[in-house]
Amino acid sequence: MRKIPFTIPDIEEEEIKEVIDTLKSGWITTGPKTKKFEEQFAKYIGCKHAIAVNSCTGAMHLALLAYGIGKGDEVITTPYTFISTAETIIHTGATPVFVDIDPKTLNINPEKIEFRIRNFPKGSRPHRDGAELRIKAIMPVHIAGQPCDMDEILDIAKRYNLIVIEDAAHALSAEYKGKKIGTIGDVTCFSFYATKNLTTGEGGMITTDDTDLAEKMRILSLHGMSRDAWKRYTKEGSWYYEILDEGYKYNMSDIQSAIGITQLQKLEKMQERRKEIVEVYNEELKEIDEIITPQQKEGTKHAWHLYIIQIKPKLLKINRNEFIKELSKEGIGTSVHFIPLHLMPYYKKKYGFKPGDFLNAEYVYERAISLPLYSKLSKSDAQYVAKIIKKITKNNLPRSPRWSFGEAGPRVKAGA
Ligand SMILES: *Cc1c(COP(=O)(O)O)cnc(C)c1O
């Protein structure tokens, strides 16, 4: 039996050499390699500024802080994301406001954003034009690497004077209508966590074209110290620095940047490999009626961080959890992206969320399985995964005629 893990980082001799070179250089924390990584990343994205940090979580936190978002403010995001997105809003003292997703793309639904802005939930004052809006920003998440409807989101942001901070943890190399993700919203945040399309073990990057804001985020990322404080231990550096703000320890080390520089050089090659796998899955799985393969919207370039299938439990004898167990018995590692945040005990307790609040997120969550997708996965492994999925599906068709097991679409609740 084959063993196919859910993910393996694509680390090779080049990364190892670059790290050893850094270790021997005498400079291992933020320094020349980080500067080089930032410059090359900005060039790749086509943005003015790239600021390397120790995570995407840190990146999003700094972006919110740089815009002065804090206590009393609200920030719109999706419940269908990793905890970081909402958590960083809470870190600033602001309140996350969830808006449900489009069950086809798994991305936040712009119509529901507008609905939420105009209709406060029961008990709060409805928004009227001219009244002060507590909502200050939108944080769209490009789930799996598929860009959100950015034209619609930017239009809403413009009309209600909101900032757009993109969680692009999945979306490095993705494009929306010919524009690279990282050049569209006010600020974009990338992740280089171990499983992401480009990894530095842990790490993140902030991109923006706003020079003042970039300067502010850079200062906040290293204790609020005056610019180039990292140089204070170099020959040209000075011992003197000033604290200009209440900062954080969010800087990226040169050891991480060494890996990043090498990964960036081979990013396009790694993306090509991901696309090959996606083509295998698309081709092999499209004939299975009991499974929905990911949809790609026209006019976008998908980064294919994740390949999320949705099973149709009503057409099968087994549910999603059992399907995952079957895959695991065959040696195939999978994951679920994501457990909706409003179902998390802490969020239920703190904000009073309950099941049923975001029906599309819950609908997808009950059906989603992320398949192995990474540059180290061979085409034949992908074919094997598809073969096993076919086998499990076939072995679990209900005996009764299929017409009695109609699969309804997700229920729709206005504003959810
Ligand atoms: C991975 C991930 C993050 C967090 O990235 P870190 O670099 O680990 O902080 C944020 N958002 C989403 C959607 C993610 O998948």
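Counting starts at 1 for both ligands and their atoms, in listed order.
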Neighbour count >12 (heavy atoms, 6.0 Å) for atom [atom1], [X]:
| X | atom1 | value |
| --- | --- | --- |
| K376 | NZ | yes |
| I28 | CD1 | no |
| E111 | CD | no |

### Salt bridge flag under 4.0 Å for residues R159 and D155
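Yes, this pair counts.
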
### Side-chain ion pair, E326 and K391, N-O less than 4.0 Å
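Answer for the salt bridge query: no.
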
Would you kindly specify which portion of [X] sits under 4.0 Å from ligand 1, judged on non-hydrogen atoms: side chain, backbone, both or neither?
| X | result |
| --- | --- |
| A169 | side chain |
| V141 | side chain |
| T81 | side chain |

### Task
Let me know which of Y193, F338, F82, Y307 forms a ring-ring contact (aromatic ring centres under 6.0 Å, His included) with H170.
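Exactly one pass, corresponding to F338.
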
### Task
Please state whether G203 comes within less than 4.0 angstrom of ligand 1, counting heavy atoms only.
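Checking ligand 1 against G203, which is what was asked, there is a heavy-atom contact under 4.0 Å.
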
### Query
Could K180 and Y44 be counted as a cation-pi pair, given that NZ or CZ must be under 6.0 Å from the ring centre and within 45° of the axis?
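So K180 does make the cation-pi contact.
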
### Task
Decide whether a cation-pi geometry holds between R116 and F98; the criteria are a distance under 6.0 Å from NZ or CZ to the six-membered ring centre and an angle within 45° of the ring axis.
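Negative - R116 is either too far from the ring of F98 or too far off its axis.
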
### Query
Of the protein's non-hydrogen atoms, which lies at the shortest distance from atom 11 (N) of ligand 1, and what is that distance?
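Result for atom 11 (N) of ligand 1: D167 OD2, 2.7 Å.
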
### Message
Quick test: of every protein heavy atom, which one is nearest to atom 9 (O) of ligand 1, and how far off is it to 0.1 Å?
### Response
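Atom 9 (O) of ligand 1 sits closest to the protein heavy atom T57 OG1, 2.5 Å.
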
Test of proximity, [X] against ligand 1: N or O pairs below 3.5 Å:
| X | value |
| --- | --- |
| S84 | no |
| S191 | yes |
| M60 | no |

### Task
Using a strict cut-off of 4.0 Å, indicate which atoms of ligand 1 neighbour a heavy atom of F82.
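Counting atoms of ligand 1 from 1, those under 4.0 Å from F82 are 3 (C), 12 (C), 14 (C).
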
### Task
Counting heavy atoms only, name the option from M205, H170, K196 that's nearest to atom 2 (C) of ligand 1.
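Answer by nearest heavy atom: K196.
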
